[in-house]
Amino acid sequence: MPGLNACFVDVGYEKDAFLHYLDLGPQFNSLEKYIRQTTSDKKRINSISKMNLLPDLDKEGTVSNTLKQGQEVVVQIVKEPISTKGPRLTSEISFAGRYLVLIPFNDKVSVSQKIKSSEERARLKQLLMSIKPKNFGVIVRTVAEGKRVAELDGELKVLIKHWEDAIAKVQKATKYPTLIYEETSRAVGLLRDLFNPSFENIYVNDESVYNEIKDYVTLIAPERTNIVKLYKGNLPIYDNFNITKQIKSSFGKTVSYKSGAYLIIEHTEALHVVDVNSGNRTKNANGQEGNALEVNLGAADELARQLRLRDMGGIIVVDFIDMNEAENRQKLYERMCSNMQKDRAKHNILPLSKFGLMQITRQRVRPAMDVNTTETCPTCFGKGTIKSSILFTDTLESKIDYLVNKLRIKNFSLHVHPYVAAYINQGLVSLKRKWQLKYGFGIKIVPNQKLAFLQYIFYDVHKEEIDMKEEIEIK
């Protein structure tokens with residue numbers, strides 16, 4: 001696409017991925033030459049430390065003169081497909097670790113700006129220059145501050161091994177497109193970026209993920225391996241740690257925060273719009289201006305949290321409550337800036353405009369989390385009428401009877417709304433006890449906050465769902 005100075009690349013996804021000329025990276029010529037050599041000679045893999053790097057790519061050049069149709073290129077996905085857009089690519093390959101990021105063909109060492117001590121920066125730079133192989137560049141991440149040479153050298157060797165494994169796959173590839181390197185799972189990736197000494201416990205309800213996380217924590221903090229625990233409780237893991245309730249109150253269109261004030265968050269194709277409402281608040285002693293400032297400062301705190309929770313990116317426009325005093329507007333701007341300092345995504349915040357609007361841009365790497373917290377009625381399927389709710393327990397009993405006597409399933413758990421569970425369990429001779437005496441003691445009743453009022457799910461002993469849904473009546 002000469003008009004965009006970019007090309008579209010088939011990476012095996014339903015939509016072609018987008019690669020801009022400037023995203024080819026300055027060392028594209030060297031990468032291209034190396035890949036050509038590797039694919040033409042299947043017997044051996046040359047070390048990039050021995051090759052002479054070619055001159056940097058011309059910044060003013062065009063994609064038409066650099067790439068041709070049908071050419072194979074090595075690319076890395078930097079942005080997931082969002083809405084109607086396909087993935088965004090780069091040819092500046094990088095391998096991220098906990099302390100370092102390895103960039104083949106670069107040969108520079110740069111240190112995170114967040115490491116402020118000039119002595120520490122100089123130490124890290126000198127250290128990496130002495131241990132890194134030729135023609136490999138390294139970015140030192142913030143968490144590397146104060147780390148010993150053995151730890152950094154160990155990770156550097158692991159990252160170089162990733163590169164060598166990827167190149168071996170390029171050499172063996174027989175069909176294109178082909179995947180040559182995949183990052184660790186999302187769970188391990190999160191720990192790599194976020195793990196710190198404040199972690200008390202990590203609970204996992206999936207055995208394979210548990211083993212993966214345990215291995216990773218053993219690698220990066222052997223003395224803290226015992227904080228990784230496999231969750232085996234009857235209650236769903238989110239209900240047990242009260243997360244379901246937080247998800248339902250944090251996502252959705254309306255988000256309440258302190259003293260009755262709330263935010264309305266709307267997502268559109270072009271931007272996210274946030275409206276701040278004071279709700280039915282009590283009056284502030286300083287009158288309307290003081291009231292507006294208090295609501296706005298609370299909104300700034302909650303909004304910074306929401307941006308990270310939902311991973312909202314692109315342009316965000318916030319309509320704060322109007323304030324007359326310039327000093328208060330400045331206070332709000334400073335509060336928003338300090339709240340966003342903890343945010344790892346790149347962002348930019350503009351002061352309030354004359355209409356009381358604040359504009360924020362935030363790096364968008366994947367689609368925003370839009371968790372729908374409204375529930376489709378599982379009992380009326382949108383018709384608006386349901387069977388009498390007092391007969392609900394009779395329906396459940398007939399399902400249990402069918403499971404035990406017809407399907408011969410003796411051990412299972414029934415997940416229902418917590419209110420219904422409380423009703424089934426109440427009293428000395430509860431409904432649950434009656435069912436157990438009649439149908440066997442393999443019946444468990446589990447309250448599940450995720451379910452709607454008259455919704456129910458049966459699970460067998462292997463936690464697989466047994467489909468016992470009512471048929472939708474067709475009239």
Side-chain angles (χ1 to χ4, degrees), residues 1 6-57 61 63-81 85-97 100-107 132-138 155-186 188-189 192 208 212 365-366:
M1 300 286 288
C7 62
F8 286 96
V9 183
D10 174 14
V11 291
Y13 183 66
E14 60 201 49
K15 282 198 175 78
D16 285 343
F18 181 78
L19 176 63
H20 193 274
Y21 176 77
L22 294 175
D23 289 328
L24 289 171
Q27 300 298 336
F28 180 73
N29 293 330
S30 303
L31 170 68
E32 183 57 27
K33 176 186 167 189
Y34 182 71
I35 296 299
R36 246 193 345 266
Q37 285 174 353
T38 306
T39 47
S40 60
D41 181 0
K42 301 276 185 188
K43 296 278 186 292
R44 65 196 183 96
I45 294 178
N46 296 322
S47 165
I48 68 171
S49 301
K50 291 176 185 160
M51 72 179 278
N52 293 324
L53 295 184
L54 295 176
D56 283 8
L57 203 64
V63 78
S64 324
N65 296 337
T66 314
L67 298 171
K68 59 181 187 296
Q69 208 164 342
Q71 182 178 345
E72 275 102 28
V73 283
V74 174
V75 290
Q76 187 168 16
I77 293 178
V78 285
K79 208 177 198 180
E80 291 178 18
K85 300 183 181 114
R88 177 87 185 252
L89 304 175
T90 179
S91 275
E92 196 164 11
I93 309 299
S94 62
F95 295 83
L100 309 169
V101 178
L102 180 76
I103 306 169
F105 305 103
N106 185 304
D107 217 19
K132 79 169 186 64
K134 191 177 170 226
N135 294 342
F136 280 98
V138 173
E155 183 165 275
L156 186 62
K157 285 194 170 79
V158 170
L159 296 177
I160 290 170
K161 179 83 172 67
H162 286 334
W163 159 255
E164 287 166 355
D165 292 348
I167 287 304
K169 281 197 183 170
V170 170
Q171 204 172 41
K172 289 180 189 139
T174 51
K175 62 178 190 353
Y176 300 101
T178 185
L179 176 68
I180 59 167
Y181 174 72
E182 191 172 18
E183 272 237 293
T184 47
S185 70
R186 181 62 57 86
V188 171
R192 184 191 69 205
S208 60
E212 204 178 345
V365 179
R366 56 183 66 91

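Predicted model only: the values in this text are computed from it and were never measured.
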Checklist outcome for this item: Which of Asp23, Val73, Ile77, Val78 passes side chain to side chain contact (heavy atoms under 4.5 Å, CB included) with Leu89? It is Ile77
Checklist entry - Considering only heavy atoms from C-beta outward, does the side chain of Gln69 approach that of Cys7 to under 4.5 Å? => result no
Next on the checklist: According to side chain to side chain donor-acceptor pair (under 3.5 Å), who are the partners of Asp107, at least two apart in sequence or on a separate chain?
Outcome noted: Lys132
Item to check | Partner set under side chain to side chain donor-acceptor pair (under 3.5 Å) for Glu32, not counting sequence neighbours | outcome: Gln71
Item to check | Lys157: partners by salt bridge (charged side-chain N to carboxylate O under 4.0 Å, His left out), with sequence neighbours left out | outcome: Asp153
Checklist entry - If you look at every heavy atom in Pro104 and Ile93, which pair is closest and at what distance? => result CD-O, 3.4 Å
Next on the checklist: So, using ring-ring contact (aromatic ring centres under 6.0 Å, His included) as the criterion, who are the partners of Phe18 when residues are at least two apart?
Outcome noted: Phe8
Item to check | Residues that Ser185 engages under side-chain contact (heavy atoms from CB on, under 4.5 Å), provided they are two or more places apart | outcome: Ala187, Val188, Glu212
Item to check | From OG (Ser47) to CD1 (Ile167), nearest 0.5 Å | outcome: 11.0 Å
Contacts under 3.5 angstrom, residues 168-181 side chains, donor-acceptor by atom type, not counting sequence neighbours:
residue	atom	partner	partner atom	Å
Gln171	NE2	Thr38	O	3.4
Gln171	NE2	Asp41	O	2.7
Gln171	NE2	Arg44	O	2.9

Item to check | Beyond-backbone contact of Phe105 with Met51, side-chain heavy atoms, under 4.5 angstrom | outcome: yes
Checklist entry - Between OG of Ser91 and CG of Leu22, what distance do you get to the nearest 0.5 Å? => result 12.5 Å
Checklist entry - Under the side chain to side chain contact (heavy atoms under 4.5 Å, CB included) criterion, do Phe136 and Leu156 qualify, and how do the steps go? => result CA-CA 10 Å; Phe136 280 98; Leu156 186 62; over 6 Å; no
Checklist entry - Looking at Arg88, Arg186, Lys85, which one forms a salt bridge (charged side-chain N to carboxylate O under 4.0 Å, His left out) with Glu80? => result Arg186
Checklist outcome for this item: Closest non-hydrogen atoms of Leu54 and Asn29, given as atom of the first, atom of the second and distance, are CD1-O, 3.5 Å
Checklist entry - What residues, two or more places apart in sequence or in another chain, satisfy side-chain contact (heavy atoms from CB on, under 4.5 Å) together with Glu155? => result Arg98, Tyr99, Leu100, Leu159
Checklist entry - Who are the side chain to side chain donor-acceptor pair (under 3.5 Å) partners of Asn135, not counting sequence neighbours? => result none
Checklist entry - Under the side-chain contact (heavy atoms from CB on, under 4.5 Å) test, which residues partner Thr66, sequence neighbours left out? => result Tyr21, Leu24, Phe28, Leu57
Checklist entry - So which pairs with a foot in residues 7-20 pass salt bridge (Lys or Arg N to Asp or Glu O under 4.0 Å), sequence neighbours left out? => result none
Item to check | Flag, side chain of Thr90 to backbone of Gln76, donor-acceptor distance under 3.5 Å | outcome: no
Next on the checklist: Among residues at least two apart in sequence or on other chains, which ones pass salt bridge (charged side-chain N to carboxylate O under 4.0 Å, His left out) with Glu72?
Outcome noted: none
Item to check | With sequence neighbours excluded, residues passing side-chain contact (heavy atoms from CB on, under 4.5 Å) with Asp165 | outcome: Lys161
Checklist entry - Closest heavy-atom contact between Ala17 and Val11? => result CB-CG2, 3.9 Å
Checklist entry - What pair of heavy atoms forms the shortest contact from Asn52 to Lys33, and how long is it? => result O-NZ, 3.9 Å
